[in-house]
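Inspection log for the structure reproduced underneath, given as structure tokens.
Residue numbers start from 1 in every chain, and the chains themselves are labelled A, B, ... in the order their sequence lines are given, proteins ahead of strands.
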2 protein chains.
Amino acid sequence: MNLRQDVHTAGIPVLCQACEARHRGVCGALDSDQLVALAKSSSKQTIVSGAELVGDMETVDHYSNVLAGVVKLTKTLSDGRQQIVGLQFAPDFLGRPFKTESAVNAEAATNVSLCSFPKAAIERMLKQSPELEHRLLRQTLKELDEARDWMLTLGRKTASEKVASFLLLIANHIDPTMNEGEEKVTFDLPLTRADIADFLGLTIETVSRQLTKLRADGVISIENNRHVTVARRERLEARAGH
Amino acid sequence: MNLRQDVHTAGIPVLCQACEARHRGVCGALDSDQLVALAKSSSKQTIVSGAELVGDMETVDHYSNVLAGVVKLTKTLSDGRQQIVGLQFAPDFLGRPFKTESAVNAEAATNVSLCSFPKAAIERMLKQSPELEHRLLRQTLKELDEARDWMLTLGRKTASEKVASFLLLIANHIDPTMNEGEEKVTFDLPLTRADIADFLGLTIETVSRQLTKLRADGVISIENNRHVTVARRERLEARAGH
DNA sequence: TTCAGCTCTTGATCCAGGTCAATTCGCGCC
DNA sequence: GGCGCGAATTGACCTGGATCAAGAGCTGAA
């Protein structure tokens, strides 16, 4: 009856479970026939942290759904200065339609699980399915909103506001069930200090000092360099500069 | 025969000439019937420099095509620090589909000529016309690319690189016919020093000092505070930090 | 023409965050 | 356990750009 369910239970690579569960991603937009066709050409893969997914200027031959983990999108100046221009969390879509080569470098910030399909397959379906294009538009608008929020942070916030904003951003993405009322929040940082610095337009040292200050002030605590507990969310929000 | 032409020559507000001429905007995507319907509810208007088009958090009830001039999109922190997060040039589309209120403030940076339609009319057509949604997706992807480029500038470039990058950005948008080979380029700055500072995440004074330096080094000259001549484009590019 | 109200420039000083340089921590490996 | 190595912290110092403060240049109105 439910062919989509059949596709998954039949052992064809997991294509949509992650996306559909959270009402994003590309797959909910397809009918059963399209889904089967796509599933046949798709492949689930696991990427180890640090591995490069798409090089800058490289030809992109496939698109992916992020099923788990975090992918960072970076841009680099010729002298090596680097800026993270986007973070993709599950179930985001990864890839730039209508362009053959990428303007950014995509790298696994954590271990990442992906479901990829050949570019040609997606673009064929884009032409057939307005609903798929609609989803892509919605995700792109969301990414644009996030990018613009971040431009305010990069251009106008102080180092301590930047770090507080970053922690809130991660907290919101990692645990979307967390509601405003919660006092304590706990999560693992998906980025190293170097990555955080590249995201915030700061140096490693400044990030470290600001985290130390937040710890000293009792706003957060950190175990093993990664596991963060936010003691009181409101205090962090106050420091993020609203 | 050609109804689209008829619409324009019949004196119905200019809807598409600007867009079609440069293959962007919303109108080329519509068939004749849709175009007539839209033209009836559209209105051409002129906005004086400095006027606010859409307030932050304000309900958006119409979308617009920018026919001439420059619109700046800004975000502001509670203490007044401001960041320009986007510049819309003709024939860009202005408005955020699928959201009732704007997350940014839109303001006319120069005198602006707009063609606006009610939100409801556009959204009705979005459902009918996949081609319209396709155009919107393309524009949104372009804006996302631009935002990400600018994040690198905001996060990692020095003040002098930022100013050089800004001049190149304006030069490219104002005169799209200008080719790489041209040595001299001339244009009017569409932004005040204060706007440039807000765009670059700098202060007015720093922008002014960097422009003075570029003038002293013979890279540019400026008349009446607005009219810029780039003596040698390559030297400006070298300073933009590639 | 003069004046008012701006925008822009220039100078002097200050400080947030960068740079350079040790440690120290965490973790896998022998 | 001890060792090695990359990641993180911490300290001392420096500097690019902010801040504060005059002044100069445009523009428009009377």
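- Rounded to a whole Å, the CD1 atom of Ile220(A) is 14 Å from the P atom of dA8(D).
- Residue Thr203(B) is in base contact, counting any heavy-atom pair closer than 4.0 Å across all strands shown.
- Across all strands shown, Arg226(A) has no heavy atoms under 4.0 Å from either base or sugar-phosphate atoms.
- What separates CZ of Arg193(B) from P of dC6(C) is a distance of 18 Å, to the nearest Å.
- Under the 4.0 Å criterion applied to side-chain N and carboxylate O atoms, Arg96(B) and Asp145(A) are assigned as salt-bridge partners.
- Summary of the strand contacts: Val207(A) and Ala159(B) both lie near DNA chain D, and taking for each the nucleotide with the nearest heavy atom, the more 5' one is attributed to Val207(A).
- You'll find that the side chain of Thr206(B) is closest to dA18(D), out of dA18(D), dT9(D), dT9(C).
- Comparing atom distances between the Arg209(A) side chain and each of dG17(D), dT9(D), dT19(C) picks out dT19(C) as nearest.
- For Asp79(A) and dG18(C), the CG to P distance is 15 Å, given to the nearest whole Å.
- Following rounding to the nearest Å, Ile204(B) (CD1) and dT9(C) (C1') show an atom-to-atom distance of 11 Å.
- Summarising the geometry, the separation between CZ on Arg215(B) and P on dG25(D) is reported as 12 Å, rounded to the nearest angstrom.
- Per the geometry, CG belonging to Leu200(A) stands 15 Å off C1' belonging to dA16(C), to the nearest Å.
- In this structure, CG of Asn225(B) is placed 11 Å from P of dT10(C), rounded to the nearest angstrom.
- For the pair Asn224(A) CG and dC25(C) C1', the computed distance is 10 Å after rounding to whole Å.
- Here Arg235(A) does not pair with Asp217(A) in a salt bridge; the nearest charged N to carboxylate O distance is not below 4.0 Å.
- Looking at which nucleotide of DNA chain C each of Thr158(A) and Glu205(A) is closest to, the 5′-most match is held by Thr158(A).
- Under the 4.0 Å criterion applied to side-chain N and carboxylate O atoms, Glu205(A) and Arg209(A) are not assigned as salt-bridge partners.
- Using a 4.5 Å cut-off on side-chain heavy atoms (C-beta onward), Val71(B) and Asp92(B) make no contact.
- Under 3.5 Å, the side chains of Lys213(A) and Ser160(A) contain no donor-acceptor pair of N or O atoms.
- The Leu202(B) side chain lies nearest to dA18(D) when the options are dT9(D), dT9(C), dA18(D).
- Taking only side-chain atoms of Thr192(B), from C-beta outward, the nucleotide of dC8(C), dG17(D), dG17(C) with the closest atom is dC8(C).
- Of the candidates dT10(D), dT19(D), dG18(C), the closest approach to any side-chain atom of Ser208(A) belongs to dT10(D).
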